[in-house]
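Residue numbers begin at 1 in each chain, while the letters A, B, ... track the order of the sequences. Everything quoted here is computed from the prediction, not taken from an experiment.
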There are 2 protein chains.
Amino acid sequence: MRNDKPLSMPEGGCTCFQIRRAARKVTAIYDRHLADVGLTVTQWGLLANLAGKPPTPIGAYAEVMAMDRTTLTRNIKPLLATGLMTLSPGPDRRTRALTLTAEGKAMVRRAYPTWRAAEMEVREALGTKATTALHDTLRTSMALLDAV
Amino acid sequence: MRNDKPLSMPEGGCTCFQIRRAARKVTAIYDRHLADVGLTVTQWGLLANLAGKPPTPIGAYAEVMAMDRTTLTRNIKPLLATGLMTLSPGPDRRTRALTLTAEGKAMVRRAYPTWRAAEMEVREALGTKATTALHDTLRTSMALLDAV
DNA sequence: AACACTAAAGTGCATATGCACCTATTAGCG
DNA sequence: CGCTAATAGGTGCATATGCACTTTAGTGTT
């Protein structure tokens, strides 16, 4: 086997590159839609998933969102600043629990159709079959990686 | 159809959330391996894909890497600072062309096995079938989204 | 040549990401 | 009770991301 060019196609063959590229592309679509209501897709996710939950500590919510705890700490900053969620003291003096405010709930209701529009744009671009394949593949892959 | 709870599972059902979560997870694996040689996966990608290319202008390279031009401008900063690549003047006084330095080429050779190790870790966690499915699905999906 | 238009790249701002490290508090154990 | 472990959370630093805007340089038209 010749081996002069062992540095083959990291961009085409690198799983990480592929998935990051896809994340950038898809994020751009969602962010473009959600900009109409002044949210990023990350912020939308944090708000929408908190809706209906009881006051949730930072660490627990980070786990739910599969996000680093310190990343969550920073990601909620603009949401706290705009009054869409609040940090209330937990049972523990260490703990601080996240809750949606009334404004936050209103925002979730307002942003929902916008999120749906983004979701539909992707769904229409991909078609039903590719959309299902993408969801299934990602879900399966993540389950396998989480198991490690 | 009842519609009292229209705000259904954005985290499970949101394509964007799924793909960003996957990107975080996979990035962590690659970054953990590549930290051994002092690179992030983004930096590895930028170095490895520049190897063998003639001096490439910023904008052109951003397009190759499917990355925003201004993001590339910033991502190359640590690579320029550590002397792994250089910006030389292009044919045009507006243009600045990227090239790997000798140190950069050496780094690519050195980091290659490390990258392979990360790739293999993911591949082994997923198995051959899921790995192929992930690659194919992402490639297909991106082609469909780029077409829009 | 003068002026408008386009192209290449950088900056300001804001967010997203995560490791290493720090602080405060609680739980547990002798 | 007092010391130690573990737990919850925040900060510093560095990178990653991209939109809006600016700067500089080439292009083209009259």
Side-chain angles (χ1 to χ4, degrees), chain A residues 16-17 19-36 38-47 55-63 65-82 84 87-98, chain B residues 16-17 19-36 38-47 55-63 65-82 84 87-98:
Chain A
C16 193
F17 182 89
I19 207 161
R20 286 174 69 87
R21 179 190 188 284
R24 286 196 295 266
K25 183 85 183 178
V26 174
T27 298
I29 295 172
Y30 281 72
D31 277 351
R32 177 163 45 76
H33 282 272
L34 286 164
D36 291 348
L39 292 178
T40 65
V41 68
T42 302
Q43 291 165 358
W44 157 254
L46 292 177
L47 290 175
T56 310
I58 300 276
Y61 197 47
E63 197 151 347
M65 301 302 283
M67 183 179 287
D68 188 271
R69 180 183 53 77
T70 67
T71 300
L72 178 59
T73 295
R74 270 130 173 152
N75 285 355
I76 59 176
K77 273 192 200 267
L79 301 170
L80 294 172
T82 50
L84 298 175
L87 270 178
S88 42
D92 208 301
R93 227 166 304 176
R94 296 173 291 186
T95 310
R96 302 170 68 187
L98 280 170
Chain B
C16 194
F17 182 89
I19 207 160
R20 286 174 69 87
R21 177 190 189 287
R24 285 196 295 267
K25 182 86 184 177
V26 174
T27 298
I29 295 172
Y30 281 72
D31 277 350
R32 178 163 46 75
H33 282 273
L34 286 164
D36 291 347
L39 292 178
T40 66
V41 68
T42 303
Q43 290 166 358
W44 156 254
L46 291 177
L47 290 175
T56 311
I58 299 277
Y61 197 47
E63 196 151 348
M65 301 301 284
M67 184 179 286
D68 188 88
R69 181 184 54 74
T70 68
T71 299
L72 179 58
T73 296
R74 271 130 173 153
N75 285 355
I76 59 176
K77 273 193 199 267
L79 301 170
L80 294 172
T82 49
L84 298 175
L87 271 177
S88 42
D92 207 303
R93 225 164 308 177
R94 296 174 289 187
T95 310
R96 302 171 69 187
L98 280 170

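In terms of the side chain to side chain donor-acceptor pair (under 3.5 Å) criterion, residue partners of A/R21 (sequence neighbours excluded) are, by chain and number, B/D146. Remark: B/D92 pairs with B/R94 by the side chain to side chain donor-acceptor pair (under 3.5 Å) rule, at least two apart or across chains. Remark: B/R24 pairs with no residue by the salt bridge (Lys or Arg N to Asp or Glu O under 4.0 Å) rule, at least two apart or across chains.
At distances below 3.5 Å, at least one donor-acceptor pair connects side-chain atoms of B/T27 with backbone N or O atoms of B/A23. Checked by atom type and distance alone, the side chain of B/D31 never pairs as donor or acceptor with a backbone atom of B/T40 at under 3.5 Å. Between the A/Y30 side chain and the B/F17 main chain, no donor and acceptor come within less than 3.5 Å of each other.
When rounded to the nearest whole Å, the span between CZ of A/R69 and C1' of C/dC21 equals 11 Å. For the pair B/R32 CZ and C/dA20 P, the interatomic distance rounds to 12 Å; values are reported in whole Å.
A donor-acceptor contact under 3.5 Å links the side chain of B/R94 to the base of C/dA7.
In this structure, A/I76 and A/I58 have side chains that are in contact, with non-hydrogen atoms separated by less than 4.5 Å. For the pair A/L72/A/L46, a side-chain contact is recorded, criterion being any heavy-atom separation below 4.5 Å from C-beta on.
Near-neighbour residues of DNA chain C inside residues 74-81 of chain A, defined by a heavy atom below 4.0 Å, number-ordered: A/R74, A/N75, A/P78.
As judged by a 4.0 angstrom heavy-atom cut-off over every strand, A/D92 is placed among residues touching the sugar-phosphate backbone only. Contact annotation for B/T71: base contact, defined as any heavy-atom pair under 4.0 Å involving a base atom.
Nearer to the 5' terminus of DNA chain C, by closest-nucleotide assignment, is the contact made by B/T73 (compared with the other of A/V41 and B/T73). Annotation: of the two residues near DNA chain C, A/T40 and B/T70, the 5′-most nearest-nucleotide partner is B/T70.
Read 5' to 3', the first and last nucleotides of DNA chain D with an atom closer than 4.0 Å to a heavy atom of chain B are D/dT15 to D/dG26.
Base pairing of D/dA5 is not made with any nucleotide, judged by Watson-Crick or G-U wobble geometry with both donor-acceptor distances under 3.5 Å. Base pairing analysis places D/dG18 opposite C/dC13; the two distances defining the Watson-Crick or G-U wobble pair are each below 3.5 Å.
Sorted by first and then second residue, the pairs that involve residues 69-82 of chain A and meet side-chain hydrogen bond (donor to acceptor under 3.5 Å, both in side chains), not counting sequence neighbours, are A/D68-A/T70.
Base orientation of D/dA5: syn (glycosidic angle within 90° of 0).
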